[in-house]
Number of protein chains: 2
Amino acid sequence: MPSKKRVTVMRDVAKLAGVSHQTVSRVLNEHPNVKQETRTRVLEAMQSLNYRRNLAARTLVTRQSHTLGLIGFETTLFGPASMLYGIEDAARAAGYLVSIATVRNLERREVLEAVDRLSQHAVDGIIAIAPKPAVTNGLLQAPGGLYCVAVGGAGETDAVPTVRVDNAAGARLATQHLLGLGHRTVHHVGGPHDWPEAQERVMGWRDTLYEAGAVVPPVAFDSWTAEWGYRRGQELARDPEVTAVFCANDRIALGVLRALHEAGRPVPHEVSVVGFDDMPDSGYFLPPLTTVRQDFAELGRRSLTLLLQHMADTDEPEAPAHIVVTPELVVRGSTAPPPR
Amino acid sequence: MPSKKRVTVMRDVAKLAGVSHQTVSRVLNEHPNVKQETRTRVLEAMQSLNYRRNLAARTLVTRQSHTLGLIGFETTLFGPASMLYGIEDAARAAGYLVSIATVRNLERREVLEAVDRLSQHAVDGIIAIAPKPAVTNGLLQAPGGLYCVAVGGAGETDAVPTVRVDNAAGARLATQHLLGLGHRTVHHVGGPHDWPEAQERVMGWRDTLYEAGAVVPPVAFDSWTAEWGYRRGQELARDPEVTAVFCANDRIALGVLRALHEAGRPVPHEVSVVGFDDMPDSGYFLPPLTTVRQDFAELGRRSLTLLLQHMADTDEPEAPAHIVVTPELVVRGSTAPPPR
DNA sequence: ATCCAAATTGTGAACGCTAACAACAGCTAG
DNA sequence: CTAGCTGTTGTTAGCGTTCACAATTTGGAT
């Protein structure tokens with residue numbers, strides 16, 4: 001009963017326009033050698049038949065799907081979500097669709113699985129949000145002819161082109177800002193111990209303290225969560241020597257802020273706090289958070305550009321490029337000179 | 001010079017296994033009538049040749065891409081991002097890949113464009129994060145045979161299956177909680193005026209006040225941002241009658257919290273505040289936010305289930321299903337009985 | 001042994017598109 | 001007037017699968 005609805009195909013258009021299917025194809029692909037008159041005739045026919053090209057057929061013969069793969073992790077967080085947004089935006093502008101494959105944990109096996117899934121679907125390239133080396137390494141296993149780019153991790157691997165933020169520079173900015181305000185030293189609340197990004201931030205912070213001849217307090221690592229910041233914040237609040245805290249990200253800072261407040265140590269009058277990321281609402285924390293801004297969307301766009309560029313360089317497999325984006329300090333109300 | 005790397009195809013596997021290509025196909029698709037022995041022989045051949053099926057060819061003939069489309073809006077926010085996550089997770093489990101098409105603003109034209117893009121890529125179905133009617137309407141224009149589901153909007157349209165949260169019920173929960181604590185009435189800070197979700201929350205709140213015989217204060221609408229909450233919070237803080245504020249979402253609540261704090265009106269001792277959403281860090285606001293929790297990931301999963309189910313019901317185009325998920329109240333530290 | 005049904009395998013022919021080449025027009029130059 | 005170019009169009013042959021059907025084998029039951 002449900003009539004077999006035949007969809008219009010190239011041949012139908014060709015017949016209506018009185019040309020061969022190949023000419024239709026030429027019009028579709030903007031081949032130069034088509035007479036203006038025929039072109040319009042074909043276009044009209046397409047219009048009136050509401051023709052849409054079958055991309056599967058096209059992919060089959062050209063081996064190009066005009067689809068890009070995105071391997072993501074914890075895409076519910078602000079950072080990754082923004083990168084996804086930036087990537088998708090740029091991809092659409094370049095005529096690509098993006099397909100996503102999320103990994104639940106950053107194991108090599110999962111990454112390989114994601115690469116496999118994407119490559120079966122014939123993606124033309126892959127961008128991986130790759131905060132840990134396992135991802136970058138997994139990428140190397142991608143079948144030949146599949147271009148990959150890693151974004152947002154630390155800069156260890158050389159084999160895959162990467163786009164990343166200079167975390168150490170960001171940490172420097174934060175630390176220098178606090179030292180510049182007159183703090184004797186700066187404490188740090190670390191992220192997860194095994195994340196290169198967290199490590200780089202520690203290094204930038206530590207180096208800055210060294211150079212300034214300041215005491216380097218011990219660091220504790222755990223996670224990226226507010227809960228961790230709260231826990232660690234309670235400990236730091238007990239130590240009257242603590243007047244400045246640099247947190248590995250804004251969520252941790254939020255927890256620290258709460259802990260300090262509850263311990264009766266007003267921010268910024270007694271203790272200054274700096275975060276990292278600049279999430280959308282960090283400016284409305286109590287007090288508004290001074291933080292290091294990463295432009296995630298820009299990171300995403302840059303990675304896409306890099307991927308496309310890499311895909312275009314067919315013959316020259318030159319050394320993979322590495323783009324490093326420098327973050328900037330956003331000063332708000334959570335930092336001030338130390339008391340007295 | 002770069003040798004034309006021929007990828008292994010079904011015929012290669014067939015030759016190595018000493019069978020016809022069709023038998024290979026049967027093994028691949030788990031057709032029952034294949035002798036156990038041949039099956040293993042074929043599987044071994046696949047393994048040793050590292051064969052991957054070409055999905056484009058398969059799509060061409062079966063007209064099924066095993067890809068689902070997701071139309072998203074502002075995917076950088078926590079809600080949409082979580083839904084995306086839930087959807088992707090469930091989709092993978094069901095053997096589907098998810099392709100995304102973000103729209104920058106919720107206009108009909110943009111939605112149509114997104115549908116078109118996805119349908120050209122031969123997605124088998126579309127899930128739209130559809131907070132406004134324009135999206136749902138746009139979905140109706142999808143070419144025949146393309147199944148669509150809308151998630152997360154308000155429940156107006158009947159033509160498309162939907163999964164949504166009972167916003168009115170959530171607002172009721174919040175309002176009743178505050179009235180139950182002894183507040184004479186509850187003020188509300190609205191979201192964007194033209195979002196059905198924002199409207200539903202207003203209605204749930206208003207109805208509850210009516211039923212309790214409480215005064216219904218005026219509502220102001222603007223956006224979902226902390227900035228708006230801050231602005232509106234400053235106004236409310238000036239009114240000593242205000243002892244309870246229900247915010248259309250957690251971000252607004254964050255702004256309100258800051259405004260109240262700066263105005264010297266302690267929360268919850270003088271003023272109680274309730275949010276909506278339960279974002280990951282709401283429990284670490286100052287004070288920890290009492291809020292209405294929506295399980296976004298679950299919403300995503302449910303929508304995927306609904307879509308698959310809808311796709312399976314080939315013959316019976318029965319009335320579109322509407323799933324309504326009830327949110328729950330999470331009581332934290334931002335609510336207390338009114339002063340005195 | 002014989003025959004029928006079921007199980008297993010093989011053989012074209014699509015699917016809708018692009019690539020490669022052939023064919024034909026119109027034009028310029030000799 | 002003809003050779004040779006350029007611009008435009010048509011023809012044929014895949015791309016790698018699955019589908020429909022035919023062919024073959026197998027396994028009882030007669």
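The figures here come from the full heavy-atom set of this structure, side chains too, leaving out hydrogens, waters and symmetry mates. Below, chains carry the letters A, B, ... as their sequence lines are ordered, and counting in each starts from 1.
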According to a strict under-4.0 Å criterion, is A:Asn33 in side-chain N/O contact with OP1 or OP2 of D:dT8? yes
For B:Val61 and for B:Lys35, find the nucleotide of DNA chain D with the closest heavy atom, then tell me which residue's nucleotide is more 5'. B:Val61
Presence of B:Thr38 side-chain N/O under 4.0 Å of C:dT8 phosphate oxygens OP1/OP2: no
I want to check one thing: is the phosphate of C:dG10, taken as OP1 and OP2, less than 4.0 Å away from some side-chain N or O of B:Thr23? yes
Which nucleotide in the set C:dA19, D:dT17, D:dC15 lies at the smallest distance from any side-chain heavy atom of A:Leu60? D:dC15
Does OP1 or OP2 of C:dG16 have a side-chain N or O of A:Tyr51 closer than 4.0 Å? no
N or O in side chain of A:Arg53 less than 4.0 angstrom from C:dT18 OP1/OP2: yes
Ignoring hydrogens and geometry, is there a side-chain-to-backbone donor-acceptor pair from B:Arg41 to B:Ala17 under 3.5 Å? yes
Check this for me: does the side-chain of B:Arg63 come within 3.5 Å of the base of C:dG16 through a donor and an acceptor? no
Closest nucleotide among C:dG16, C:dA19, C:dT11 to the A:Thr62 side chain: C:dA19
Check whether any side-chain nitrogen or oxygen of A:Ser20 sits under 4.0 Å from OP1 or OP2 of D:dT9, and answer yes or no. no
To the nearest angstrom, the CD-P distance between B:Gln22 and D:dA23 comes to 16 Å
Nearest non-hydrogen partners of A:Leu68 and A:Ala91, listed with the distance: CD2-CB, 4.4 Å
Below 4.0 angstrom from OP1 or OP2 of C:dC15, is there any side-chain N or O of B:Arg58? no
Could you work out which one of C:dT18, D:dG10, D:dG16 sits closest to the side chain of A:Val19? D:dG10
Please work out whether the ring planes of B:Phe296 and B:Phe78 are parallel, tilted or perpendicular, with thresholds of 30° and 60°. perpendicular
